[in-house]
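Some notes on the structure that comes next.
In this text, all values refer to a predicted model and were calculated from it rather than measured experimentally.
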Amino acid sequence: MNNIFKTSIAKIETSSLVVSMNAKLAQLHAAFEQLPKRDQLALKILGGFLAIFIVFGGGYWLHHKAEVTKENADQARQLLLWMRGQAPHLQATTGVSQPLSTIIQDAAAQQGLTVTQTETAGKIAVSTSHQSFAVLGSWLTRLAQSGIQVDQLDIEQQAGGVLQLQATLTKP
């Protein structure tokens with residue numbers, strides 16, 4: 001087995017690419033050694049500067065590309081948020097008009113709310129509760145974007161921090 005390994009190494013060492021590369025490197029090294037010490041020092045400094053320039057220049061280029069990509073991702077996120085914000089407007093202006101109770105239930109389901117409704121004379125009294133005012137506010141905003149008008153609104157904080165919302169809604 002050791003003999004096979006030595007044979008493989010010998011084949012690799014004698015490959016034409018390795019031989020030609022070694023020959024070129026030997027020529028360059030011999031030419032470098034024939035230069036005066038001052039020129040050798042200048043070439044070493046220039047080579048070091050070139051290596052540093054390549055490393056830091058490449059690092060700056062990568063950093064710049066990462067910043068551009070981050071800005072593009074932020075713009076795409078903002079566009080997505082804007083599009084989501086415009087969706088209720090588009091849904092409200094297109095398609096068949098839905099009953100008020102259906103619009104209320106759909107908006108509540110999108111926010112994860114359970115709503116109880118009582119309809120009287122074209123108005124619907126709703127009641128729901130949640131711990132976050134942001135969720136309740138978002139639900140009311142969705143309703144307003146759908147063309148629903150809030151006639152009366154009452155929000156009370158119950159025990160345990162739960163907010164109880166009662167409202168009277170109409171669709172003009």
### Query
If you look at every heavy atom in Q131 and L163, which pair is closest and at what distance?
O-CD1, 4.3 Å

### Query
How long is the gap from CG on L169 to CG on L100, to the nearest 0.5 Å?
6.5 Å

### Query
Under a 4.5 Å cut-off applied to non-hydrogen side-chain atoms, are T102 and Q105 in contact?
no

### Message
Let me confirm one number: the CG-CD1 distance from L140 to I155, rounded to the nearest 0.5 Å.
### Response
6.5 Å

### Task
Determine, using the 4.5 Å side-chain heavy-atom cutoff (strictly less than), whether L153 and V162 are members of one ILVMFWY cluster.
no

### Aromatic plane relationship, H63 with Y60 - under 30° parallel, 30 to 60° tilted, over 60° perpendicular
tilted

### Task
Working to the nearest 0.5 Å, report the span between CD of E33 and NE2 of H29.
4.0 Å

### Query
So which heavy atom on Q40 is nearest to which on F32, and how close?
NE2-O, 2.9 Å

### Message
Once rounded to the nearest 0.5 Å, what's the spacing between atom CD1 of I104 and atom OG1 of T128?
### Response
11.5 Å

### Summary
salt bridge (charged side-chain N to carboxylate O under 4.0 Å, His left out) filter on D154, not counting sequence neighbours, yields none

#### Entry: Spacing of L35 atom CG and L43 atom CG [to the nearest 0.5 Å]
6.0 Å

### Task
Any chance you could measure K37, atom NZ, to K44, atom NZ, to the nearest 0.5 Å?
7.0 Å

#### Entry: Side chain S138, main chain A134, donor-acceptor under 3.5 Å
no

### Task
Could you tell me which non-hydrogen atom of A107 sits nearest to which non-hydrogen atom of L143, and how far apart they are?
CB-CD2, 3.7 Å

#### Entry: F133 atom CZ, over 12 foreign heavy atoms within 6.0 Å
no

### Message
When you compare the side chain of R77 with that of D74, does any pair of heavy atoms fall below 4.5 Å?
### Response
yes

### Task
Please report the closest heavy-atom contact between L113 and H130, naming both atoms and the distance.
CD2-CD2, 3.6 Å

## Note on the structure
For T170 and G122 the tightest heavy-atom approach is CG2-O, 4.1 Å

### Query
Would one find more than 12 heavy atoms of other residues, nucleotides or ligands at under 6.0 Å from atom CD of Q152?
no

## Note on the structure
Here the pair of heavy atoms bringing K171 nearest to G147 is CG-O, 4.1 Å

